[in-house]
Colleague: 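Questions regarding the structure given below will be posed in turn.
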Amino acid sequence: MKVSKVCCIGAGYVGGPSCSVIASKCPEVTVTVVDLSQERIDAWNSPDYNLPIFEPNLADVVKKCRGKNLFFSTDITSAICEADLIFISVNTPTKTFGLGKGRAADLKYIEAAARMIADVAIGDKVVVEKSTVPVRAAESIQRILTANTKKGCAFEVLSNPEFLAEGSAVEDLLHPDRVLIGGEETSTGRAAMEKLAWIYQHWIPKDNIILTNTWSSELSKLAANAFLAQRISSINSISAVCEATGADVAEVSHAIGTDTRIGSQFLKASLGFGGSCFQKDVLNLVYLCEALNLPEIAAYWQQVIDMNDFQKRRFASKIVNCLFNTVTDKNIAILGFAFKKNTGDTRESSSIYICKYLMEEGAKLKIFDPKVEKEQILMELNHPNICNDPSRVEKLVTIHKDPYDALKGTHAFVVCTEWDEFKSYDYSKIYNSMLKPAFAFDGRRILDWKNLQQLGFQVEVIGRKTWLNGTY
Ligand code: NAI
């Protein structure tokens, strides 16, 4: 039943933290996380623990185990050969070309990982699909493995989707609501599921480990993210109604969230959800429904994405409207570029789209984020879908290391990420350094808007009318 060696293919936001926690909780298991990217592996191995991803408390977990029973390597072949159990944690981005472009998940990295396992594996292996995949992907992995199986090898494929959230990955991994394991309803399938469950049972109560069939497990991950994204889109739709009436979306969220049937989580209005998963996984579900000839279901979930796009456009339009219908050549500070606080991840960040819409209007953007590097911001803004003229980005965008520097001489600032430090800035000093009227747009509802108004700011927050009868 026991597992002595684990390999994880993919040292990203999921593979790195999840296997570090496994190593810390299972000292008798050797865990090797492998990746094609030498740069990423070097960062995981960096002597000063300057890890490739920022997650609270992650460096401490890595410090505890690295070099003992946790290893990061580019030697994928050896790690696969030696392991009893292999996690596949590679990326599954939305396809940008061909059939299913813009909706289906691109499974080329999953397939490459499966083929690599089939090529080099010796002996029996449990192969665990941890990446988020469309329903029945495990079946494809099993077919690739079976078709290439060498004598004396046997593979059992499991689905074990990851539910961690960036920004709280370590905490989520240490105290998950549940762990989900899907497998074949055969004796070998059961045995494989029990092997994987044995690892998690080192720190997670048995009752919180849910065993299902493979397809239920795969679909549950897509459905979970679709439900979470749907709640954000639902409250964001209500935020627009609040701004047009006199209701306050925080009061509405609280009032409906105290109903135990609804619950209070994921009811915070904002300028829209971002991150690598929600949009990708909902689109994946939409594509799946279309492929299954369920167009009504596909249209239903597509609305979650449409509402999210609308919220970002709506907020950007509001900025332009408030700034007297023109932002051309106006300086606007963008506070926050990560898709949420406590991460340096910018994938699908709402901030990117706010910048895109404002750049289209000719605004000059002064961007500050406490954790995102300049190169990363410029890479996102120079993506052809955002701005296909690099000279325009160069002309309109400056990246700042100091927030006060970014805010100086601006007509407005826009809070795009809910970083805690934004709450404690000296807004009196900021107000004095800005052009007047000085506008504050809080896309995350983290600032004390009454205080800002008292200081003289013209304030706009998501989901609340901050002015009455046309005056602030
Ligand atoms: P990521 O892009 O940060 O990491 C993936 C890593 O896999 C990259 O470092 C890449 O170089 C490596 N890779 C790709 N093909 C490889 C191969 N053949 N051999 C070795 N390494 C290879 O992606 P992330 O965010 O860790 O996501 C991985 C999966 O987990 C995705 O399916 C995602 O949807 C899912 N997921 C992500 C969550 C998140 O918060 N980021 C949460 C839950 C699930």
Side-chain angles (χ1 to χ4, degrees), residues 165-167 228-244 247-250 252-253 266-279 282 303-323 327 332-343 345-361 363 365-370 372 377 380-381 385-386 406 410 412-420 422-423 439-449 452 457-466:
E166 283 178 35
L228 292 170
Q230 182 198 46
R231 281 174 74 94
I232 298 174
S233 279
S234 296
I235 199 66
N236 281 344
S237 75
I238 298 297
S239 74
V241 181
C242 290
E243 287 165 40
D248 181 332
V249 75
V252 176
S253 291
F266 274 73
L267 286 184
K268 202 159 177 352
S270 69
L271 41 65
F273 58 75
S276 68
C277 291
F278 280 178
Q279 175 162 308
V282 177
Q303 274 297 308
V304 171
I305 300 295
D306 294 348
M307 179 54 61
N308 197 49
D309 291 342
F310 172 70
Q311 185 77 345
K312 291 180 278 195
R313 262 185 281 115
R314 191 173 78 79
F315 192 62
S317 302
K318 182 175 228 178
I319 296 169
V320 177
N321 290 343
C322 288
L323 292 172
V327 291
I332 301 178
I334 302 290
L335 293 185
F337 202 81
F339 84 91
K340 67 193 285 200
K341 74 173 179 179
N342 294 338
T343 177
D345 194 352
T346 58
R347 292 177 289 182
E348 286 303 326
S349 173
S350 302
S351 196
I352 300 171
Y353 294 91
I354 299 301
C355 292
K356 170 186 159 79
Y357 299 136
L358 294 177
M359 281 196 295
E360 283 168 359
E361 295 290 331
L365 305 179
K366 300 177 79 185
I367 304 174
F368 169 76
D369 187 285
V372 183
I377 296 175
E380 292 284 15
L381 296 180
N385 289 347
I386 303 302
T410 56
F413 73 82
V414 187
V415 174
C416 289
T417 311
E418 72 279 25
W419 285 105
D420 287 336
F422 295 165
K423 296 183 210 168
F439 284 85
F441 296 93
D442 187 354
R444 293 289 185 168
R445 293 186 62 107
I446 56 167
L447 302 183
D448 179 347
W449 62 272
L452 291 179
F457 281 102
Q458 316 274 298
V459 187
E460 290 289 337
V461 298
I462 289 269
R464 178 176 183 123
K465 211 176 193 170
T466 49

Colleague: Would you say D442's side chain and I446's backbone share a donor-acceptor pair under 3.5 angstrom?
Modeller: yes
Colleague: Tell me every residue that passes salt bridge (Lys or Arg N to Asp or Glu O under 4.0 Å) with K341, counting only those two or more places apart in sequence or in another chain.
Modeller: D420
Colleague: Test of understanding: with side-chain hydrogen bond (donor to acceptor under 3.5 Å, both in side chains), list the residues that count as partners of E348, not counting sequence neighbours.
Modeller: Y353
Colleague: Sequence neighbours left out, what passes side-chain hydrogen bond (donor to acceptor under 3.5 Å, both in side chains) with S349? Give chain and number order.
Modeller: none
Colleague: What I'd like to find out is whether the side chain of E418 reaches to under 4.5 Å of the side chain of S270, using heavy atoms alone.
Modeller: no
Colleague: Nearest 0.5 Å please: distance from the CZ atom of F368 over to the CH2 atom of W419.
Modeller: 9.0 Å
Colleague: Side chains of E380 and S351: do they bring a donor and an acceptor to under 3.5 Å?
Modeller: no
Colleague: Tell me, please, which residues at least two apart from D448 pass salt bridge (Lys or Arg N to Asp or Glu O under 4.0 Å).
Modeller: none
Colleague: Taking the side chain as everything from C-beta on, heavy atoms only, tell me whether V372 gets closer than 4.5 Å to I367.
Modeller: no
Colleague: Identify the two heavy atoms, one from A338 and one from T343, that lie closest to each other, and give their separation to 0.1 Å.
Modeller: CB-O, 3.2 Å
Colleague: Find the distance between CE (M307) and CD1 (I232) and round it off to the nearest 0.5 Å.
Modeller: 13.0 Å
Colleague: If every non-hydrogen atom of V327 is compared with every non-hydrogen atom of E361, which pair is closest and at what distance?
Modeller: CG2-CB, 3.3 Å
Colleague: Is there a side-chain contact between S350 and F315 (heavy atoms, below 4.5 Å)?
Modeller: no
Colleague: Within a strict 4.5 Å, meaning less than it, do heavy atoms of the F422 and P370 side chains meet?
Modeller: yes
Colleague: Would L358 and V320 count as a side chain to side chain contact (heavy atoms under 4.5 Å, CB included) here? Give the steps.
Modeller: CA-CA 8 Å; L358 294 177; V320 177; 4.2 Å; yes
Colleague: Got I462 and R444 here, is their nearest side-chain heavy-atom distance under 4.5 Å?
Modeller: no
Colleague: With sequence neighbours left out, write down each residue that passes side-chain hydrogen bond (donor to acceptor under 3.5 Å, both in side chains) with N308, or none if nothing qualifies.
Modeller: none
Colleague: Measure the spacing between CG of L381 and CD1 of I352 and express it to the nearest 0.5 Å.
Modeller: 7.0 Å
Colleague: Can you pull the salt bridge (Lys or Arg N to Asp or Glu O under 4.0 Å) pairs that have at least one residue in residues 230-243, sequence neighbours excluded?
Modeller: E243-R314, E243-K318
Colleague: side-chain contact (heavy atoms from CB on, under 4.5 Å) with N321: which residues, sequence neighbours excluded?
Modeller: N325
Colleague: Name all residues meeting the side-chain contact (heavy atoms from CB on, under 4.5 Å) criterion together with E360; count only those two or more places apart in sequence or in a different chain, and write none if there are none.
Modeller: K356, Y357
Colleague: Nearest 0.5 Å, please: how far is OG in S276 from CZ in F339?
Modeller: 6.5 Å
Colleague: Mind checking whether D248 and C242 have side chains closer than 4.5 Å, heavy atoms only?
Modeller: no
Colleague: State, with a plain yes or no, whether a side-chain heavy atom of L447 is found less than 4.5 Å away from one of F457.
Modeller: no
Colleague: I'd like to know if the side chain of S239 reaches the main chain of V249, judged simply by a donor and an acceptor atom lying under 3.5 Å from each other, with no hydrogens or angles considered.
Modeller: no
Colleague: Please name all residues satisfying side-chain hydrogen bond (donor to acceptor under 3.5 Å, both in side chains) with N342, sequence neighbours left out, ordered by chain then number.
Modeller: none
Colleague: What is the minimum heavy-atom distance between I332 and A363, and which atoms define it?
Modeller: CD1-CB, 3.9 Å
Colleague: Checking K268 now: which residues fulfil side-chain contact (heavy atoms from CB on, under 4.5 Å) with it, not counting sequence neighbours?
Modeller: R445
Colleague: Give me the atom names and distance for the closest heavy-atom approach of K465 to A244.
Modeller: NZ-O, 4.2 Å
Colleague: Listed by chain and number, what are the ring-ring contact (aromatic ring centres under 6.0 Å, His included) partners of F278, not counting sequence neighbours?
Modeller: F273
Colleague: Can you list everything that forms a side-chain contact (heavy atoms from CB on, under 4.5 Å) with T410? Sequence neighbours excluded, please.
Modeller: N331, A333, K366, M434
Colleague: When rounded to the nearest 0.5 angstrom, what distance separates CG in D369 from OG1 in T346?
Modeller: 9.0 Å
Colleague: Roughly how far apart are F337 CZ and L365 CG, rounded to 0.5 Å?
Modeller: 9.5 Å
